[in-house]
Amino acid sequence: MKKELLITLEILTIIFIFPVTVFAQSAVSNCWVTAVGFPGGLPKLPAGCGSNAPASPGNGTSGPCGSVVDWAAKIVPSLVIGGGGYLSGDGYDNRTQDFSSPCGHSSSRDTWQGQYWCTYLVIDAYNLAGISGLKMGVDDGVENMHIHFGSLPGFFTLPYNGSANQDTIQKIKPGFAIFFNNDYHVGLIKSISFDAHGNGTMDTYESNSHATSHTFTIAEWQIIASGYTINGFGGH
Amino acid sequence: MFLIIIFYIIFAKPSSQQPDIQVSPGSQNGTNASPFPSQTKIKPFDTAAQAKQEDGERAFAKSQDDIIKNYPWFNKLPLQTKDYFVYFDVEKKSFVGLLYPSNFSKNLEMTSTVNMKAQIRKSLTALGIDFSGYKFTWKIKPQYKSDVVLNKTSIEKRAGLQKKGKF
C-alpha cells in the first residue's frame, strides 16, 4: 500500500508539480529572464538590463537620454585651448558651451578645479546621456574615476595589460572610458573596428590633451602603444 | 488530491535552492569585480593630486605630439586590405606588415607575398610616406583553417578528377 502510494505521488508530481522552466528574453529589455515555476509577471530588472533605455547598439554605451559617444561628439567641438581656469594651459582644457538634456546638465564652470580636466568630458557625457553615478567633486581625478567604474552599480571595468587579448578587444564598445598611463589620463572610446585577424583601429575623444581625438592601431588583438600605456577600460 | 499535493510539497526532498526567477544582465562586457582592493579609498583631488595628474596628462600629450613631430605621416596608417595590414611600430621604429596570402600552394604563396610587398611599398609612396631608412618586419600569416581546409579539399578533388582523367 505504501509503495503504491509513493508511486501515485510520483505520477502526480510529474503531472502537476514538475517545475516548468521557461527561458525567454524580456520584450522590454536586453536581459534573459529565466522563469521557474509559474511566476506572475516580470521581476524588477537590474539597472544593467537597460529596461528603460532606448536601444542604440550602434552607438555603444547609452542611457535614457542618448549615447555617451553622441554627447561627447557634441561637447568636443566646444573645447578650446586655454582660458579655462587657473590651471588651463596649452591643452584643450576649456569648454566654451554648456549642454543640457532631459537627464542632466553639463558641469558648471564654477565646479571645475582649475580647468576642464580629462575626466570632465567623461562625467559630462555620461550624465547627459542619463547614466548617473560619476560626479564632479568626486571623480575629478582619473584614479578615483577608475575606482568608481569598478564599484558603482551598473558600471564595470575591463582590465588591459598591453598584451594581445582577443576577448578584451572584442568587448570594447564606443562610450567606454579608456585609462592611460596608470590613471593619469582618461578618454572616451569614439569608435573601434577590427577584422577577423584582430587588425584595425580605435579612436578616442579626449579633453585636456593636445588633440581632442586620437587614433590607435590594433594589430592581432593588441593595441599598439607608443610612448604611453593603457591600463584598462570602463563601461556601463 | 489536494491533500496529496500538499503532503508532497511538505515532505519532498528540496531541490537545489534557486530563486523563482533568475535574471542575468544582457551586458557581458566586463567584470563587476573591482580590480582594486575593497579598502581602496577615494583620494581627495587636492593641489598635489592635481599637479600630479597635470604632469601625467602633459606627458601623455607630449608622447602623442612627439609621434606626429617625428613621423608626420603616422596618422595615414594603418594600411588595411583583406590581404594585408601594415602599421608603424614607433617603439621599434619599424614598419610591420602582416600578410595573409590566400593561395594554398607554397609557390603561389611566395609569388603573392612578393606582389603584396610591392603593392604595399607603392601604396606607402602614394601616401607620401618615405619608408627609406626604416626596417620592414614582414609576418606571413596562415589563412583560417577553414580556408586552408577548403582549398586543400578543392585541390584534392581536382587531383582525384585528374587521376580519373576527367579534368
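Chain letters run A, B, ... following the sequence lines, proteins first, then strands; residues in each count from 1.
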query: Would you say the side chain of A:Ile147 lies within less than 4.5 Å of the side chain of B:Ile42, judging by non-hydrogen atoms?
result: yes
message: Quick check on A:Phe216 against chain B: is it the side chain, the backbone, both or neither that has a heavy atom closer than 4.5 Å?
response: side chain
- request: Specify the closest pair of heavy atoms between A:Asn181 and B:Gly56, including all atoms of both residues, with the distance to one decimal.
  value: ND2-O, 4.4 Å
Structural part of A:Asn182 lying under 4.5 Å from a heavy atom of chain B: neither
message: Which atoms of B:Tyr87 are under 4.5 Å from chain A, going by heavy atoms: the side chain, the backbone, both sets, or neither?
response: side chain
- prompt: For chain B, which of A:Gly89, A:Gly141, A:Ser209 has the most heavy-atom pairs under 4.5 Å?
  reply: A:Gly141
- request: Output the distance between atom OG1 (A:Thr215) and atom CG (B:Leu77), rounded to the nearest 0.5 Å.
  value: 11.5 Å
query: Do you know which of B:Lys52, B:Lys43, B:Gln53 makes side chain to side chain contact (heavy atoms under 4.5 Å, CB included) with A:Glu143?
result: B:Lys43
query: Can you check whether A:His210's main-chain N or O pairs, donor with acceptor, with B:Gln64's side chain at less than 3.5 Å?
result: no
task: Measure centre to centre between the rings of B:Tyr100 and A:His197, then say whether the value is under 6.0 Å.
output: yes
- prompt: Does the side chain of B:Phe85 reach to within under 4.5 Å of the side chain of A:Glu220, using non-hydrogen atoms?
  reply: no
- prompt: Taking atom NE2 of A:His185 and atom OG of B:Ser63, what is their separation to the nearest 0.5 Å?
  reply: 9.0 Å
- prompt: Taking side chain as C-beta onward, heavy atoms only, is B:Glu54 less than 4.5 Å from A:Asn208?
  reply: yes
field: Selection from A:Ile224, A:Leu152, A:Asp90, A:Asp140 maximising heavy-atom pairs under 4.5 Å formed with chain B
entry: A:Asp140
task: Against chain B, label A:Ala211 side chain, backbone, both or neither, depending on which of its atoms sit under 4.5 Å from a heavy atom there.
output: neither
statement: So, the part of B:Gln80 with a heavy atom under 4.5 Å from chain A: the answer is side chain
message: Does B:Lys117 have more than 12 heavy atoms from other residues, nucleotides or ligands lying within 6.0 Å of its NZ?
response: yes
query: When rounded to the nearest 0.5 angstrom, what distance separates CG in B:Asn75 from OG1 in A:Thr201?
result: 11.0 Å
statement: Pair count under 4.5 Å, heavy atoms only, with chain B: among A:Gly235, A:Gly232, A:Ala219, highest is A:Ala219
- prompt: Angle class for the B:Phe60/A:Phe180 ring planes (parallel below 30°, perpendicular above 60°, tilted otherwise)?
  reply: tilted
query: Taking side chain as C-beta onward, heavy atoms only, is A:Gln113 less than 4.5 Å from B:Asp46?
result: no
